[in-house]
Every structure is written in structure tokens, then in C-alpha cells.
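Working notes, structure below.
A quick note: this is a predicted structure, and the numbers were derived from the prediction, not measured. Quick note: residue numbers are just sequence positions, from 1.
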Amino acid sequence: MITPTLAHAAPSSTTFVEGVGNSVSSLVSPVITLAAVPAAAASPCANVDFSAGCYAVEGFNNAAQSIVRGAVVFIGTAAYVVAAGTGQLFKVLGSVLPGPIGTFFTSVGDGVSAFANSIAVTFQVGPYQTAQ
């Protein structure tokens with residue numbers, strides 16, 4: 001498989017004049033070049049006598065990793081949603097309640113929202129989810 005990469009060609013001799021201040025600029029057109037794609041890593045089961053068993057173990061290993069990652073995403077998402085919702089609730093209460101008590105609830109809401117954000121970063125969920 002060949003993947004195109006982006007490179008820049010030398011400026012062309014064609015110039016153009018913009019009507020503002022008679023400025024002159026050169027056109028630089030991007031050029032697509034071909035780059036070699038690295039070969040995929042060979043499976044560790046390729047040179048094994050009992051490859052079916054090796055592939056079965058490899059499959060169980062991948063399944064276990066996916067189950068663990070799914071559980072972490074599920075638990076992290078639930079914790080993030082609860083914490084973020086609680087923070088928003090405190091902020092709403094702070095905006096409704098008058099005086100220092102309202103300021104207190106707004107500050108608590110800001111703190112809980114920051115905690116929810118740290119949960120999202122740690123578990124890579126919510127706005128920080130990087131893998132499916």
C-alpha cells in the first residue's frame with residue numbers, strides 16, 4: 001500500500017499582484033509524493049508447530065484486554081457523568097441562591113467539575129476519549 005505524503009515544491013516563477021499595495025507573492029503549490037508504508041508486524045504464531053492453539057491463546061489474550069478496556073471505559077464514563085452532573089447541579093444552585101451561600105455552592109461546583117475533568121483525563125473518557 002502506498003500512502004501519499006505532502007511536500008512543498010520550489011516557488012513557481014508565476015507571480016501575481018494583489019490589488020492592495022501592489023504586493024507581489026509567489027505561488028507555492030503542494031506536491032504529493034509517495035512514501036513507503038512499513039510492513040505489518042508478523043504474528044508470533046507464524047512459526048509455531050501448533051499454530052491453531054497459539055492463535056486461540058492470542059485471541060483470548062486480545063479478548064481479555066478488550067473486556068478490561070471496556071470495563072474501564074464504562075466505569076470511567078459513569079464516574080465522569082456523575083461527577084460532572086453533580087458539579088453542574090452545584091453551579092445551578094449557586095446561581096439561584098443569593099449572597100455568600102450562592103458563592104459557596106458555585107465554588108463547590110467548580111471544584112467538583114475540575115474533579116470530573118481529572119476523572120475524564122485519567123480514564124480517557126468523556127471529552128478526552130481517545131480509543132473506542
On a heavy-atom basis, which atom in [X] and which in [Y] lie closest, and how many Å separate them?
{"X": "Pro98", "Y": "Ile101", "answer": "O-CG2, 3.1 Å"}
{"X": "Val112", "Y": "Gly87", "answer": "CG1-N, 3.5 Å"}
{"X": "Asp110", "Y": "Lys91", "answer": "OD1-CE, 3.0 Å"}

Task: Backbone N/O of Phe115 and side chain of Ser118: donor-acceptor pair under 3.5 Å - done: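 Checked: pair present.
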Do [X] and [Y] belong to the same hydrophobic cluster, where Ile, Leu, Val, Met, Phe, Trp and Tyr are linked whenever their side-chain heavy atoms lie under 4.5 Å apart, directly or via other members?
{"X": "Val108", "Y": "Leu97", "answer": "yes"}
{"X": "Val72", "Y": "Val125", "answer": "yes"}
{"X": "Phe123", "Y": "Phe74", "answer": "no"}
{"X": "Ile119", "Y": "Val82", "answer": "no"}

TODO: Applying side-chain hydrogen bond (donor to acceptor under 3.5 Å, both in side chains), name anything that partners Gln88, two or more places apart in sequence or on another chain.
DONE: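 For Gln88 there are no side-chain hydrogen bond (donor to acceptor under 3.5 Å, both in side chains) partners, ignoring immediate neighbours.
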